[in-house]
Amino acid sequence: GVKRFTFDDESEIPKLAAAAPGADVLVRVQVHNSKALVDLNTKFGAPLGSALPLLRKAEQAGLHAKGICFHVGSQSLSTAAYEEALLLVHHLFLEAEASGMHLTDLDIGGGFPIPSAEGLHVDLAAMLEAINRQLDRLFPQTAVWTEPGRFLCGTAMNLVTSVIGTKQRGAVPWYILDEGIYGVFSGILFDHWEYPLHCFGNGAKIPSVFAGPSCDGIDVLYRDFPAPKLPIGANVLVSDIGAYTTVSATRFNGFEPAAVLVWEDQADLVAKRRKLRETDEASSASIAQMP
Ligand SMILES: Cc1ncc(COP(=O)(O)O)c(C=O)c1O
């Protein structure tokens with residue numbers, strides 16, 4: 001039932017026309033942004049100059065040329081990247097209109113950042129305001145879509161993991177956790193992210209190493225992390241671990257990725273139990289009043 005697609009190469013057109021005749025299509029254009037943590041434009045996006053010819057070819061194949069999309073790269077710290085992309089795409093909209101092709105939709109992708117582990121300051125409100133200003137100015141009549149990813153879920157999840165092994169290597173304590181780079185910490189590799197680690201306990205903080213449980217030497221998560229002495233069984237908390245983590249986790253070496261508990265489920269459960277109790281109390285009271 002999907003009737004809306006993006007594409008960035010001519011070779012996709014016959015495939016789309018065959019699989020979804022008459023579907024709406026947006027051409028994805030390449031935009032540059034050196035201030036994104038994950039650059040998607042090395043792989044995706046047609047050169048700006050080929051955007052309109054591609055849309056015209058899509059029309060000729062019976063598809064409906066709806067608009068243009070871009071993604072400035074994930075965890076973008078640059079507002080200018082959006083502003084510049086909007087300016088470039090606006091030129092394409094004008095050019096399309098002048099040539100008789102009326103584009104109605106603009107998709108500005110994702111990339112909206114979350115506060116980073118390195119403490120980089122991100123003034124998201126200012127960024128969104130600037131983007132909105134540019135949209136109001138350049139695209140007042142256009143339907144604007146967006147595809148926020150990490151912004152929605154990055155800060156929504158925390159990981160509780162525990163120490164399952166310890167070893168001392170010279171002066172450096174090592175802690176082996178029950179989650180690693182092949183599991184929920186896969187984002188360290190795939191998303192180039194450092195997740196904030198929180199250890200609990202008293203005593204002097206010693207630069208320590210935290211590693212995952214797998215057999216691989218690459219499975220080292222934190223080095224020189226100042227931590228108090230932790231016993232086997234100690235829990236550690238890793239915050240802001242909601243984006244690009246469990247989705248890319250594997251079962252390498254037979255370790256199941258951590259179970260995901262959604263707070264709403266728990267809240268829902270508590271509410272249901274309360275309701276049951278109230279119903280129980282109400283029915284006990286009405287039974288007590290029976291003659
Ligand atoms: C096409 C597309 N849209 C949206 C997203 C979400 O991006 P982000 O998490 O940077 O908001 C991605 C992520 O790779 C993507 O490829």
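Just so you know, ligand 1 is whichever comes first in the structure, and atom 1 is the first atom listed for that ligand. By convention here, the first residue in the shown sequence is residue 1. Being a predicted model, the structure only gives us computed values, none of them experimental.
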Between the protein and ligand 1, are there any N or O atom pairs that come within less than 3.5 Å of each other, and if so, what are their names and distances?
from	atom 1	to	atom 2	distance (Å)
ligand 1	3 (N)	Glu147	OE1	2.4
ligand 1	7 (O)	His71	NE2	3.0
ligand 1	7 (O)	Tyr244	OH	3.4
ligand 1	9 (O)	Arg150	N	2.8
ligand 1	9 (O)	Tyr244	OH	2.5
ligand 1	10 (O)	Ser74	OG	2.5
ligand 1	10 (O)	Gly111	N	3.0
ligand 1	11 (O)	Gly111	N	2.9
ligand 1	11 (O)	Gly149	N	2.8

Original post:
Side chains of Ser208 and Arg223: donor-acceptor distance under 3.5 Å anywhere?
Top reply: no
Subject >> Atom CD of Glu97: over 12 foreign heavy atoms under 6.0 Å >> reply: yes
Original post:
Taking atom CG of Leu124 and atom CZ of Phe151, what is their separation to the nearest 0.5 Å?
Top reply: 5.0 Å
Subject >> Side-chain H-bond candidate by donor/acceptor type, Tyr182 with Asn253, under 3.5 Å >> reply: no
Subject >> Between OG1 on residue Thr142 and CG on residue Asp107, distance to nearest 0.5 Å >> reply: 12.5 Å
Subject >> Under 3.5 Å side-chain donor-acceptor pair for Ser239 and Asn158 >> reply: no
